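By convention in this document, chain letters (A, B, ...) are assigned in the order of the sequence lines, proteins followed by strands, and residues within each chain are numbered from 1. Keep in mind it's a predicted model, so treat the numbers as computed, not measured.
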Amino acid sequence: MRMKSLRIIYPLFFLTPFFILFLSFGLFPVLFSILISFHQWKGMGDMKFVGLLNYAYFLLKDQYFWKTIKITLWLLVFGSLTQHFIAIPCAIILNNRLIRGRDVFKTAYFLPYITNTISIALIFNYIFGNNYGFLNFILESLGLGRYNWLINKNLIPPAIATVVNWRYIGWNTIIYIAGLQAIPEDLYEAATIDGANSLQKHINITIPLLLPIIFFAVTLSVIGGMQLFDEPFIMTEGYGGMGGTDNAGFTAAFYIMWQLQRAGRLGRGSAISWLLFLFVLIITLIHRRIILQLQGKEGNE
Amino acid sequence: MSKKSRLKIQKIMRFIKKSLLYVFLIFFFFIFTFPFYYVFVLATRSYETIFNIPPPFTFGSHVVHNFNKLITQLPFAFNFINSSVITVGATVTRIFFCTMAGFALAKYRFPGRKFVYTLVLLILMFPRFFTIIPLFKMMVWLKWVNTYLPMIIPGMTEAIGIFLMTQFMANSIPDELMDAARIDGLNDFQILLRVVFPLSKPGISVLGTITFIGSWNDFLYALVMLPERIMQTLPVALSSLYLMAEGDFGALMLGNAITILPLLVVFVFFSKTIINNFLAGSVKG
C-alpha cells in the first residue's frame with residue numbers, strides 16, 4: 001500500500017516545478033494579458049476598464065495597425081514562404097549521393113540559423129548601406145546603379161525579406177533533406193523505367209510525398225514570421241525609426257514591442273497581441289486546409 | 001559511329017548538368033558564408049577604411065584599436081559574462097527540470113498523466129511572445145528586471161524540453177531497468193539521478209543544443225527584461241551600440257565577431273551532431 005501511494009507521489013513531485021512555473025509564467029500571463037487588453041493602463045497606477053475599446057480602436061481607427069498587419073503579411077509571403085522555393089531544390093540536390101562535399105554545403109547553409117538575428121541584421125545593414133554599402137558597390141560596378149535600400153520605402157521590405165530568407169533557407173533545407181530520405185527509392189526506379197525525366201519525377205513523386213514535411217516546415221515559418229521583430233527593429237533604426245520611411249518595416253510584433261517599451265501602453269499592446277494571435281490561428285488553419293486538399297487530390301489520383 | 005557519338009553527347013550533357021548543380025550549390029555557399037567572412041574583415045578595420053570605396057575585402061590591422069573603442073563604448077566584459085551565465089544557467093536548469101518532468105510522464109502511470117501531457121502539447125503551440133507584456137509587468141513586481149532570473153526561471157520547464165524528454169525516455173529507457181534498480185534498493189529520486197540521467201544522454205544532447213544556442217542568441221526577451229547597460233546580454237548590447245549616435249562601426253563589428261565566434265567554432269567542429277540535434281528537436285516537436 002505504501003509503495004503504491006509513493007508511486008503516485010513521486011511523479012507528482014517530479015512534475016511540481018512544471019506545475020508551479022506553468023501556473024505562474026504560462027497560464028497567469030495569458031489570463032492577465034486578456035484582462036489588460038480590456039483596460040487602459042500605463043503599467044503603473046490604476047487600470048481603467050474600457051471594455052472592447054482597445055480592440056475597436058485598432059480595428060477601426062488606429063493609423064498603424066492595418067499597415068503593420070499588411071507589412072507582416074507581405075514579409076510572411078516574401079520572407080518566410082519564399083525560402084521554401086529555394087530550400088526544396090537545395091535539399092533535392094544535396095540529397096543526391098553523387099554530389100561531393102555535401103556535409104560542407106550543409107554546414108555552410110546551416111550557419112545562419114545558429115547565428116543570432118542581431119549580428120545578422122547588423123552585417124546586412126552594412127551590406128545594404130546606401131553610400132558605402134557592399135551591395136551598392138557591386139551593383140554600381142555592374143552598371144546597375146545604386147539604391148537606397150534601407151531608406152526608400154519600397155526597398156525596405158525586400159531588404160528585410162532578403163535577410164529573413166538568408167537566415168532560414170539552410171534550416172529548411174535540412175528539414176527537407178530529412179523528409180527526402182524517408183521517400184522509398186524504388187518509387188523513383190519505377191518512374192525511371194516508365195521513362196520519366198528527373199523534373200517529372202520530382203513533381204510527381206517528391207513534392208506529393210513531401211507534403212507533410214512541407215506543412216510542418218511552413219507552419220514553423222508562419223508562426224515565426226508573424227512574430228518578426230529583430231530584423232526590422234535593427235534594419236530600421238530601432239523604436240525611434242518605427243519601421244523607417246513611411247513605416248515600411250513596421251511589423252505587428254514591432255508595434256507590440258513599441259507599445260510596451262516606447263509608448264508604455266500595456267492595454268493597447270495586449271490588444272494587438274491577441275489580434276495578431278488571431279491572425280496566426282486563421283493563417284495556420286487556412287494553410288492546413290490547403291495542404292489537406294492537396295493531399296486529398298493526390299490520394300484520389 | 002553514330003551510336004558512339006550519341007553516347008559521347010550524353011556524357012557531355014551529364015557533365016554539364018552536374019556542373020550546373022555544383023554552380024548552384026557553390027553560389028549559395030558564398031551567399032551564406034560571405035557575410036560571416038565580412039564580419040571578421042570589418043572587425044579588423046578602422047572606421048575610415050570601412051567606409052571606403054571600394055569596400056575592404058581583406059583583413060586590416062585595427063583589432064586592438066577597435067577593441068579599445070569597444071570596451072569604452074560598452075561594458076563588454078559584463079555583456080559577455082551575462083550572456084555566458086544566462087546561457088549556461090538556462091541550459092543546465094532546463095535539462096535538469098525537463099528530464100525530471102519527462103521521467104514522470106514517460107515512466108509512471110498516474111491519474112491525470114494524459115491531461116498533463118496534452119497540456120504540454122498545447123503549451124508547445126503557444127508562442128511566448130504573445131504574453132511578453134504581462135510577463136514584463138510580473139517581472140517588475142517580482143523585482144526580477146535586470147537580474148538573470150527572468151532569463152532562466154520561466155524557461156526551466158519549457159514545453160519543448162518536457163516533450164522531447166518524455167518522447168525520448170518512453171522509447172529508450174526500458175521499464176525493467178527501473179524495476180531492477182528498485183530491487184537494488186534505490187528510491188525513485190536516486191533512480192532519476194543515477195539511472196535515468198546517464199541513460200538520457202542522447203535526449204539531453206538534443207535539448208542542450210537547442211537551449212544553448214537559443215539562449216545565447218535570444219534578443220527580444222533580453223531586450224525587455226535587461227534594460228540596464230551592465231546587465232545586457234551580447235545581442236542587446238550590440239543593438240544598443242548600433243543605435244547609439246556616436247557608436248563606432250569598427251568596434252561594433254568586432255563585438256559582433258566576438259558574439260558570433262564561440263558558436264561558429266563549435267559548429268564547424270560538431271556541425272553534423274548539432275544539425276542532427278536541431279532536426280531531432282524540431283521534427284519530433
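- Interface check for chain A: of the options B:Leu223, B:Val268, B:Ile213, the most heavy-atom pairs under 4.5 Å are formed by B:Leu223.
- Proximity to chain B (any heavy atom under 4.5 Å) is shown, for A:Leu111, by both the backbone and the side chain.
- Neither the backbone nor the side chain of B:Lys107 comes within contact range of chain A; no heavy atoms are under 4.5 Å apart.
- Between chain B and the residues A:Ile234, A:Thr284, A:Ile272, the most heavy-atom pairs under 4.5 angstrom are made by A:Ile234.
- Separation of atoms CD1 (B:Ile274) and CD1 (A:Ile174) is listed at 12.0 Å; rounding is to 0.5 Å.
- For the residue pair B:Pro134 and A:Phe32, the shortest heavy atom distance occurs at CB-CD2, 3.4 Å.
- With a threshold of 4.5 angstrom between heavy atoms, A:Val280 approaches chain B through side-chain atoms but not through N, CA, C or O.
- Ring-centre distance between B:Phe129 and A:Phe229: not below the 6.0 Å cut-off.
- Listed here is the closest heavy atom pair of A:Gly238 and B:Leu243: N-CD2, 3.7 Å.
- Within the 6.0 Å centre-distance limit, the rings of A:Phe110 and B:Phe278 are counted as a close aromatic pair.
- Atom CD of B:Glu158 is separated from atom CZ of A:Phe22 by 12.0 Å, given to the nearest 0.5 angstrom.
- The aromatic rings of B:Phe32 and A:Trp166 are tilted relative to each other, their planes meeting at an angle between 30° and 60°.
- Looking at A:Phe137, the atoms closer than 4.5 Å to chain B (heavy atoms on both sides) all sit in the side chain, from C-beta outward.
- For A:Gln261, the part lying under 4.5 angstrom from a heavy atom of chain B is the side chain only.
- Residue contact with chain B, scored on non-hydrogen atoms closer than 4.5 Å, involves the backbone and the side chain of A:Ile114 alike.
- Considering all non-hydrogen atoms of both residues, B:Tyr22 and A:Leu98 come closest at OH-O, 3.8 Å.
- Ring-plane geometry between A:Phe277 and B:Phe130 is classed as perpendicular, the angle between the planes exceeding 60 degrees on a 0 to 90 degree scale with a lower cut at 30.
- Taking the six-membered ring where the residue is Trp, B:Phe57 and A:Phe134 present perpendicular rings, their angle passing 60° and hence far from 30°.
- For the pair A:Phe216 and B:Ser282, the minimum side-chain heavy-atom distance is below 4.5 Å.
- Contact of B:Ser239 with chain A is made through backbone and side chain together, with heavy-atom distances under 4.5 Å.
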task = Test A:Val104 against B:Phe29 for side chain to side chain contact (heavy atoms under 4.5 Å, CB included), laying out the working first.
result = CA-CA 9 Å; A:Val104 177; B:Phe29 179 90; 3.9 Å; yes
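- Neither the backbone nor the side chain of A:Ala217 comes within contact range of chain B; no heavy atom of the residue lies under 4.5 Å from a heavy atom of that chain.
- Put simply, CZ on B:Phe269 and OG1 on A:Thr107 are 12.0 Å apart, with the number rounded to the nearest 0.5 Å.
- Without hydrogens or angle criteria, A:Tyr10 side chain to B:Ala104 main chain gives no donor-acceptor distance under 3.5 Å.
- A donor-acceptor pair under 3.5 Å is formed between the side chain of A:Tyr126 and the backbone N or O of B:Ile50.
- The shortest non-hydrogen separation linking B:Asn256 to A:Ser119 is OD1-OG, 2.6 Å.
- Interface summary for chain B: among A:Gly170, A:Gly179, A:Ala253, the most heavy-atom pairs under 4.5 angstrom belong to A:Ala253.
- Listed options A:Gly269, A:Gly26, A:Gly43 were ranked by heavy-atom pairs under 4.5 angstrom with chain B; first place goes to A:Gly43.
- Taking the six-membered ring where tryptophan is involved, the planes of A:Phe233 and B:Phe219 are tilted, since the angle between them lies from 30° to 60°.
- With chain B as the partner, the residue from A:Ile99, A:Ile20, A:Val30, A:Ile223 showing the most heavy-atom pairs under 4.5 Å is A:Ile99.
- Within the 4.5 angstrom heavy-atom criterion, only side-chain atoms of A:Ile36, from C-beta onward, approach chain B.
- For A:Met226, no part lies near chain B; criterion is any non-hydrogen pair under 4.5 Å.
- Between chain A and the residues B:Phe267, B:Phe136, B:Phe126, B:Trp216, the most heavy-atom pairs under 4.5 angstrom are made by B:Phe267.
- Contacts between B:Phe34 and chain A at a heavy-atom distance below 4.5 Å involve the side chain alone, from C-beta outward.
- Heavy-atom minimum distance, B:Ile275 versus A:Lys106: CD1-O, 4.1 Å.
- Interface summary for chain A: among B:Ile26, B:Thr99, B:Asn276, B:Leu220, the most heavy-atom pairs under 4.5 angstrom belong to B:Leu220.
- Listed options A:Leu12, A:Asn125, A:Leu35, A:Ile86 were ranked by heavy-atom pairs under 4.5 angstrom with chain B; first place goes to A:Asn125.
- Considering NZ of B:Lys137 and CG of A:Leu260, their distance stands at 9.0 Å, rounded to 0.5 Å.
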key: Audit row: B:Cys98, A:Phe18, side chain to side chain contact (heavy atoms under 4.5 Å, CB included) steps and yes/no   = CA-CA 8 Å; B:Cys98 288; A:Phe18 166 70; over 6 Å; no
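- With A:Asn116 as the fixed residue, the side-chain contact (heavy atoms from CB on, under 4.5 Å) test singles out one of B:Thr233, B:Leu263, B:Thr259, B:Asp218: B:Thr259.
- If you measure heavy-atom distances from A:Leu276 to chain B, the contacts under 4.5 Å come from both the backbone and the side chain.
- The residue among A:Leu122, A:Leu266, A:Ile120 with the most heavy atom pairs within less than 4.5 Å of chain B is A:Leu122.
- The CD1 atom of B:Ile133 sits 12.5 Å away from the CZ atom of A:Arg268 when rounded to the nearest 0.5 Å.
- Side-chain atoms of B:Tyr108 never come within 3.5 Å of backbone atoms of A:Ile9 as a donor-acceptor pair (strictly under, hydrogens ignored).
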task = Take A:Thr117 and B:Asn217, measure what side chain to side chain contact (heavy atoms under 4.5 Å, CB included) needs, and give me the verdict at the end.
result = CA-CA 7 Å; A:Thr117 43; B:Asn217 289 343; over 6 Å; no
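- With a threshold of 4.5 angstrom between heavy atoms, B:Leu252 approaches chain A through side-chain atoms but not through N, CA, C or O.
- Put simply, the side chain of B:Val224 reaches to within 4.5 Å of the side chain of A:Met257, judged on heavy atoms.
- With values rounded to the nearest 0.5 angstrom, B:Ile132 atom CD1 is found 11.0 Å from A:Ser33 atom OG.
- Of all heavy-atom pairs spanning A:Ile123 and B:Pro35, the tightest one is CG1-O, 3.7 Å.
- Between A:Ser198 and B:Lys17 the shortest side-chain heavy-atom distance falls below 4.5 Å.
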